[in-house]
Amino acid sequence: MLTAGDYQAIWLTLKLASLTTLLLMIMAPPLAWWLARSQTKIRPLVESLVALPLILPPTVLGFYLLIAFSPEHFLGEWWLSFNDSSLAFSFTGLVIASVIYSLPFVVQPLQSAFVHLDKSYLEVSATLGYGKFERLYKIIFPMLLPSFIIAGALGFAHTIGEFGVVLMIGGNIPGETQVLSILLFDHVESLEYASAHKLSFILLAFSMSVLVVIYGCLQKRQQRVLNA
Amino acid sequence: MLTAGDYQAIWLTLKLASLTTLLLMIMAPPLAWWLARSQTKIRPLVESLVALPLILPPTVLGFYLLIAFSPEHFLGEWWLSFNDSSLAFSFTGLVIASVIYSLPFVVQPLQSAFVHLDKSYLEVSATLGYGKFERLYKIIFPMLLPSFIIAGALGFAHTIGEFGVVLMIGGNIPGETQVLSILLFDHVESLEYASAHKLSFILLAFSMSVLVVIYGCLQKRQQRVLNA
Amino acid sequence: MLKFNIQKAFNNNAVNDNVLHFEGEIELSGVCTIFGDSGAGKTTLLRCLAGLETCEGQIQFNQQAWLNTNALVNQNKFLLATEKRRIGMVFQEPRLFPHLNVQQNLLLAVAKATTQEHSDNIFTIDKLAQQLGFSELLTYQTTQLSGGQKQRIAIARALLTNPTLLIMDEPLSSLDISSKNLLLPFLKLVSLHIPILYVTHSIHELFYLSKNMLLVNEGKVEAIGEPQKLFLDSELSLRKFAHQGLIVNVQVKTIDLTEGLIEGLVDGQTLFINTVEEPKTKSIQVKINSRDVIIATKPIMDSSLLNCLSVQLVDFMKDDKNSMILTLKIGSQFIYARITSRSFHKLQLEVGSCVYAHVKTMSIIN
Amino acid sequence: MLKFNIQKAFNNNAVNDNVLHFEGEIELSGVCTIFGDSGAGKTTLLRCLAGLETCEGQIQFNQQAWLNTNALVNQNKFLLATEKRRIGMVFQEPRLFPHLNVQQNLLLAVAKATTQEHSDNIFTIDKLAQQLGFSELLTYQTTQLSGGQKQRIAIARALLTNPTLLIMDEPLSSLDISSKNLLLPFLKLVSLHIPILYVTHSIHELFYLSKNMLLVNEGKVEAIGEPQKLFLDSELSLRKFAHQGLIVNVQVKTIDLTEGLIEGLVDGQTLFINTVEEPKTKSIQVKINSRDVIIATKPIMDSSLLNCLSVQLVDFMKDDKNSMILTLKIGSQFIYARITSRSFHKLQLEVGSCVYAHVKTMSIIN
Amino acid sequence: STVKNKPLNIAVASNFKLSAQHIAHEFTEISGIKVNISSASTATLYQQILRGAPFDVFLSADQKHIDLLIDANKVNQEHEFIYAQGRLVFWKPDITRVPTLQDFLLYDGRLAIANPKFAPYGIAAEETLKSIKKWQVQQYIKGNNINQAYQFVESKNVRAGLVAYASVIQKQQKNYVIIPQEWHHPIKQAGIVLNNDETKHAQLFRQFLLSENMQKYIKSQGYN
Ligand SMILES: Nc1ncnc2c1ncn2[C@@H]1O[C@H](COP(=O)(O)OP(=O)(O)OP(=O)(O)O)[C@@H](O)[C@H]1O
Ligand SMILES: Nc1ncnc2c1ncn2[C@@H]1O[C@H](COP(=O)(O)OP(=O)(O)OP(=O)(O)O)[C@@H](O)[C@H]1O
Ligand SMILES: [Mg+2]
Ligand SMILES: [Mg+2]
């Protein structure tokens with residue numbers, strides 16, 4: 001039913017989304033923590049910067065990334081110094097772009113959870129002997145697990161749905177940068193509606209079932225904790 | 001410095017974003033409330049549906065909206081029964097699409113705030129004599145004001161940055177559906193880089209200053225409440 | 001009158017559910033204290049009565065139905081929402097709104113009170129701030145308050161809603177002694193206007209405040225009645241507090257406010273009671289702790305003891321290794337005395353003995 | 001030894017900041033009770049000592065520096081993080097983790113304790129669950145617990161970290177009487193192994209538990225010392241509790257465990273004290289409440305009173321309208337007696353009078 | 001003359017947008033009829049027209065989509081016209097001289113082209129490469145449309161590309177060579193009048209577009 005190209009795009013998309021989510025789940029928590037607690041004056045600035053990908057149309061973001069990735073600019077040049085092809089049109093380029101693009105989706109749920117986290121729990125953890133980082137991953141992480149899961153799921157989902165940025169910097173190379181969203185657009189543009197509908201359906205069915213399962217589990221947990 | 005077309009697009013974008021945000025701020029709180037508290041089995045399904053615009057590539061979403069808006073389908077037909085032009089390619093169509101597209105951005109921060117809201121505050125409000133709805137807008141709303149502001153700001157920002165959906169169902173008609181993001185893309189596509197850079201800069205400067213101000217105020221309030 | 005027959009089932013991951021079943025009828029005047037062990041179900045009962053916990057059964061407040069899930073087949077189940085029950089509630093924790101300062105927290109209650117029928121609320125923020133001693137705190141953020149300060153404001157907030165019933169869950173437990181001494185008479189005064197359901201673990205508060213008590217034990221209402229009656233009843237779970245003491249009714253004879261003494265009669269015998277203000281009624285109730293009663297075979301003279309009651313020993317029991325609890329009859333009333341076994345034997349007491357019970361005036365709790 | 005000199009400034013939106021300044025040195029053995037009015041600064045002091053509140057100054061715990069912000073110019077400011085101070089803390093609220101059940105909450109503390117030097121923690125979950133009476137609650141979610149149940153688990157959690165110092169902020173105030181009676185001796189036992197800083201509003205707990213007290217008043221340490229000393233000092237804010245009573249030292253002469261009586265000597269005079277177990281030392285301390293002391297000009301005979309002390313009246317003061325507080329000297333020690341003014345006049349007492357002070361054995365707090 | 005004020009909506013494939021703007025401007029000068037230009041990719045515009053977009057004239061980048069509209073009975077075949085013919089160039093900006101066809105034949109790096117699946121210039125590029133037997137040999141970076149292919153090269157992310165003659169003219173680039181017409185089917189850019197109402201403004205615009213002056217102008221912009 002699906003063509004080899006479709007499978008390739010699906011596989012690539014999953015790879016991209018997983019890798020991006022992984023990177024985001026490493027980077028985002030400390031950033032979100034800092035954003036939730038810091039009292040420095042530059043915090044609103046950083047907060048706005050993180051939110052920027054929400055505002056900037058993705059194609060525009062992609063356009064500027066394309067410029068940034070070009071060998072004439074620092075990032076692209078540095079990349080070319082130990083790679084033989086440019087950062088644009090490469091899987092690595094897509095990962096970088098996706099991380100930037102999906103960052104707010106992961107940071108914001110976490111930040112919100114951290115803001116609402118009663119600091120008394122941190123205090124208790126400290127008196128129990130848990131150090132700064134231990135507190136985070138042994139107590140706060142399990143406690144806010146739902147928020148972490150939601151953050152991860154949103155980052156993953158949004159990377160799957162990412163289109164504008166990839167359109168600009170991807171170059172539509174099968175197996176390398178032709179992700180599902182691009183392939184879907186391709187089908188639509190070339191009037192291959194049947195393929196487009198099929199792929200959309202698969203995307204929908206997959207995403208929905210993943211989300212329904214995640215949200216279902218979270219609801220169960222909430223029920224258990226709140227003891228309805 | 002800016003052309004009349006630019007001004008028109010900016011004005012149209014602000015109009016669209018404001019109207020969309022207004023509608024979202026009316027619709028989202030009850031939905032978010034329900035999503036945060038309900039114990040019914042269909043909740044995960046609704047939750048996933050709300051999150052759908054995050055996953056679906058915007059052009060694909062736009063494509064299906066275009067089909068739904070066309071007079072061949074129920075929604076478009078119903079619209080044409082008391083309007084003389086189609087729902088697609090109209091400002092109203094854009095508003096509907098934007099509401100759908102930006103819904104998760106408004107619902108999710110609110111839902112997160114509602115989930116973390118200690119129900120003891122609701123109980124106190126009830127014993128103070130506040131009814132179900134009064135509780136919400138006289139106590140919970142002021143209490144969670146930061147989350148509402150963030151939700152509104154994200155909705156607004158994301159509507160400004162919306163591109164793929166508008167591209168498909170807007171038709172890029174100046175003064176009617178040619179919003180800033182589309183105009184920007186247009187400039188990039190037609191290699192008018194100077195105009196693109198100028199518009200991007202304005203978009204950036206405006207959004208950043210709005211966000212910095214909002215985040216700054218929220219930080220002050222947080223400081224005051226937490227009494228750092 | 002508050003009448004209830006409610007069931008609340010908790011699912012505790014255990015094999016069988018934890019079902020609490022409360023049934024009772026309370027006369028609503030003054031303070032009714034709810035008393036019971038930790039985990040007995042006091043808070044749950046209050047929450048059910050306030051409508052904060054879903055439960056099965058009926059609740060009737062005066063003429064008004066609050067809950068009725070046992071309606072007839074063709075009737076609707078009935079549940080009056082918490083906000084319509086016109087209750088004021090003080091929780092075990094203060095629960096002030098964190099986004100408002102003290103004054104704003106209180107105004108939130110006032111706003112609701114004035115929109116209701118009785119706009120002539122007897123309480124105002126200023127008066128309460130003075131009476132409860134938080135006038136200087138009005139502009140504070142709630143996060144800037146100490147535990148005791150928060151609790152006093154929570155009490156004020158509950159009063160400002162002008163409730164028809166006040167529900168308080170251990171309101172004074174986090175307060176210092178001075179605040180307690182300030183608030184106890186205050187609450188007693190309040191209870192003349194508004195009936196209070198009051199949870200406490202303090203027997204002192206119980207006897208000081210309440211004419212009526214409701215004993216909760218293991219998720220059931222064990223008994224409802226006057227505290228002195230229930231404390232006399234050896235069948236109840238209160239037995240373990242038997243050493244604490246009993247309430248007696250005293251007829252006021254003369255009042256000497258300069259010396260701060262009331263001379264009263266307990267079934268014909270004189271009893272001196274200290275007081276700071278004139279009692280409201282001719283008949284007052286005082287508590288005599290068993291540990292404060294001194295037994296003598298002859299009246300004690302030349303001592304600071306003013307009270308000497310001629311009593312009859314009607315019962316005695318060993319309390320623990322070294323003490324005996326004697327039940328003494330004064331006319332139609334009873335008091336307990338707790339003395340060492342050594343004294344008991346030294347005085348050669350037995351059931352029927354007529355002895356003299358002495359109590360320091362200072363020890364009698366008015 | 002815990003030595004501190006710390007300042008904490010709160011900005012309360014007021015014209016001038018609210019600056020708390022605590023200075024003192026505490027001998028760390030047994031319980032040191034921190035006592036003071038609501039809002040006096042007790043919680044703040046504990047939080048500063050625990051490192052939960054940023055503050056200026058120095059804190060020294062035994063040989064270990066915990067805080068030093070007054071370092072010399074070329075030295076670094078020093079702050080030991082809370083988790084390195086090896087303290088156990090019980091807050092005014094239980095603060096159990098909501099995502100874990102009771103057992104998991106406790107295991108979180110155990111996990112940390114065993115990774116530290118003294119792996120031979122004297123406490124285990126099972127033992128504590130039994131001693132504090134929550135064995136059946138181990139599988140409960142924390143949201144399913146009553147206020148008192150939560151607090152007992154919070155206490156167990158603090159103990160399980162195997163701390164070198166236990167800090168407790170009103171830990172028993174939400175507990176019922178039976179739990180209190182269970183926990184007080186338990187904490188006293190614990191304090192033989194781990195020093196405890198203990199905030200309470202209960203004078204009973206204060207005298208029962210502590211050899212040492214720290215008096216906090218209006219953001220300052222007013223005094224540190226033995227409770228009986230401080231309660232005797234008329235200069236202190238404790239004056240208002242003068243009626244409460246004092247501690248006296250008693251030399252144990254004979255112990256009769258069958259009758260549960262200790263015969264002791266207070267500066268040569270016999271005093272009977274009730275007890276349930278053999279005292280650990282030859283010299284014990286008991287508390288005599290002023291309200292329990294009966295004054296007579298002749299020894300009282302033929303009564304249940306076992307104790308008759310020959311004392312000298314060294315001072316008296318009017319307490320309120322109707323009562324007098326007498327300071328009585330027994331050899332080198334003092335007790336207070338609180339009697340009605342009427343008795344005072346009836347007995348024609350004056351400074352220097354030699355009278356007899358009687359105390360019921362049951363009233364003496366061991 | 002209120003009718004005159006109703007603007008004319010023209011849908012233009014994005015590669016022709018700049019020229020169309022110029023022409024529309026001239027048209028308004030002469031006729032006084034206001035013109036709104038909407039641009040997007042041909043395929044997008046096609047879908048929009050299929051679903052009732054309020055355009056009066058559609059200037060496609062190819063003939064295929066116009067034919068599809070005719071097949072769908074959305075428009076009348078009589079109103080079809082060819083307004084320009086695109087040319088492909090091989091553009092390699094990083095050499096110091098003007099490249100020759102030999103350079104193109106020898107080039108074996110990554111090549112930027114428009115997507116051959118649906119973009120007219122992409123189809124032409126595929127045909128070109130097939131005719132010189134380089135199809136499937138080379139790695140392609142595919143732009144969504146021909147201008148994006150141009151951007152890939154311009155931003156130096158790709159060293160060379162098959163781009164539109166119009167683009168290099170517009171941006172005054174030098175290092176390109178025109179691909180011989182024989183190597184691919186002509187890129188006929190067809191247009192069609194969608195709304196033939198009583199005002200005939202759309203027809204007026206068509207006449208103006210096909211007028212000698214304008215055709216000359218279009219040629220100067222890199223079309224045949
Ligand atoms: N939400 C809940 N889910 C399950 N069980 C609960 C819940 N709330 C209370 N319980 C159980 O019900 C019993 C009664 O609890 P409740 O809070 O009413 O006690 P209480 O009398 O107020 O005690 P305390 O004096 O300690 O506050 C307890 O055994 C407790 O474990
Ligand atoms: N975060 C804060 N910001 C400003 N002021 C504070 C803050 N915390 C406490 N205070 C003030 O400091 C004083 C001491 O508070 P603290 O909580 O130490 O009192 P406490 O002795 O523990 O009282 P309680 O017995 O009522 O618990 C109070 O007057 C309080 O208003
Ligand atoms: Mg309770
Ligand atoms: Mg405190």
Side-chain angles (χ1 to χ4, degrees), chain B residues 29-30 32-34 36-41 109-110 112-153 214-228, chain C residues 43 46-47 49-54 80-101 104-118 121 139-145 153-154 156-169:
Chain B
W33 187 261
W34 184 81
R37 311 247 139 190
S38 163
Q39 302 293 359
T40 63
K41 287 244 169 74
L110 289 180
S112 159
F114 293 155
V115 165
H116 291 112
L117 174 71
D118 195 331
K119 87 166 182 246
S120 69
Y121 294 118
L122 292 172
E123 293 181 355
V124 173
S125 315
T127 67
L128 292 180
Y130 288 87
K132 217 165 174 174
F133 291 101
E134 265 181 320
R135 279 208 278 283
L136 283 184
Y137 69 89
K138 287 210 178 138
I139 295 174
I140 302 311
F141 176 69
M143 193 161 155
L144 299 181
L145 193 61
S147 298
F148 278 87
I149 291 176
I150 285 185
I214 289 179
Y215 284 129
C217 288
L218 292 182
Q219 186 186 27
K220 280 241 179 62
R221 184 191 148 113
Q222 189 192 17
Q223 244 158 352
R224 189 164 52 76
V225 171
L226 287 186
N227 187 50
Chain C
T43 301
L46 291 190
R47 289 174 57 79
L49 291 178
L52 298 174
E53 202 83 60
T54 53
L80 192 73
T82 302
E83 63 269 18
K84 301 227 177 79
R85 297 190 186 184
R86 296 201 56 207
I87 49 173
M89 188 143 180
V90 180
F91 295 85
Q92 236 168 323
E93 333 73 50
R95 301 196 179 182
L96 302 179
F97 293 111
H99 64 299
L100 301 176
N101 70 18
Q104 291 163 332
N105 261 287
L106 296 175
L107 282 175
L108 217 50
V110 174
K112 238 13 223 184
T114 49
T115 62
Q116 293 176 343
E117 308 96 82
H118 302 270
N121 195 334
T139 58
Y140 277 44
Q141 291 296 318
T142 55
T143 44
Q144 300 174 328
L145 300 176
I153 286 149
R157 179 173 64 175
L159 289 173
L160 285 168
T161 56
N162 192 20
T164 52
L165 174 66
L166 197 57
I167 297 183
M168 310 181 96
D169 200 351

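Keep in mind that what you see is a predicted model, and the values were worked out from it rather than measured. Here is the naming used below: chain letters follow the sequence lines, and residue numbers restart at 1 for every chain.
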Asks: Report the C-alpha separation of C:I167 and B:T127 in whole Å, then their side-chain angles, then the decisive distance to 0.1 Å, and conclude whether the side chain to side chain contact (heavy atoms under 4.5 Å, CB included) test is met.
Replies: CA-CA 10 Å; C:I167 297 183; B:T127 67; over 6 Å; no

Asks: Is C:R157 in contact with chain B via its backbone, its side chain, both, or neither, using a 4.5 Å heavy-atom distance?
Replies: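 Both the backbone and the side chain of C:R157 come within 4.5 Å of chain B.
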
Asks: What is the distance from atom CG of B:L128 to atom OG1 of C:T82, rounded to the nearest 0.5 Å?
Replies: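 Those atoms lie 11.0 Å apart.
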
Asks: Checking side chain to side chain contact (heavy atoms under 4.5 Å, CB included) for the pair C:F97/B:I140: CA distance, chi angles, key distance, verdict?
Replies: CA-CA 10 Å; C:F97 293 111; B:I140 302 311; over 6 Å; no

Asks: Find the one option among B:S120, B:P142, B:S125 whose heavy-atom pairs under 4.5 Å with chain C are most numerous.
Replies: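 Heavy-atom pair counts peak at B:S120.
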
Asks: Under 3.5 Å, side chain of B:Y130 to main-chain N/O of C:L108, donor-acceptor pair present?
Replies: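 Indeed, once roles are kept as given, a pair shorter than 3.5 Å links the two residues.
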
Asks: Kindly give the heavy-atom pair with the smallest separation between B:V124 and C:F91, and that separation in Å.
Replies: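 Residues B:V124 and C:F91, closest heavy atoms: CG2-CE1, 3.7 Å.
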
Asks: Under 4.5 Å from any heavy atom of chain C, what part of B:L145 do you find: side chain, backbone, both or neither?
Replies: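 For B:L145, neither part sits under 4.5 Å from chain C.
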
Asks: What's the verdict on side chain to side chain contact (heavy atoms under 4.5 Å, CB included) for C:R95 and B:E123, showing C-alpha distance, side-chain angles and the deciding distance?
Replies: CA-CA 10 Å; C:R95 301 196 179 182; B:E123 293 181 355; 2.8 Å; yes

Asks: Take C:E83 and B:E134 through the side chain to side chain contact (heavy atoms under 4.5 Å, CB included) test and state the conclusion after the steps.
Replies: CA-CA 10 Å; C:E83 63 269 18; B:E134 265 181 320; over 6 Å; no

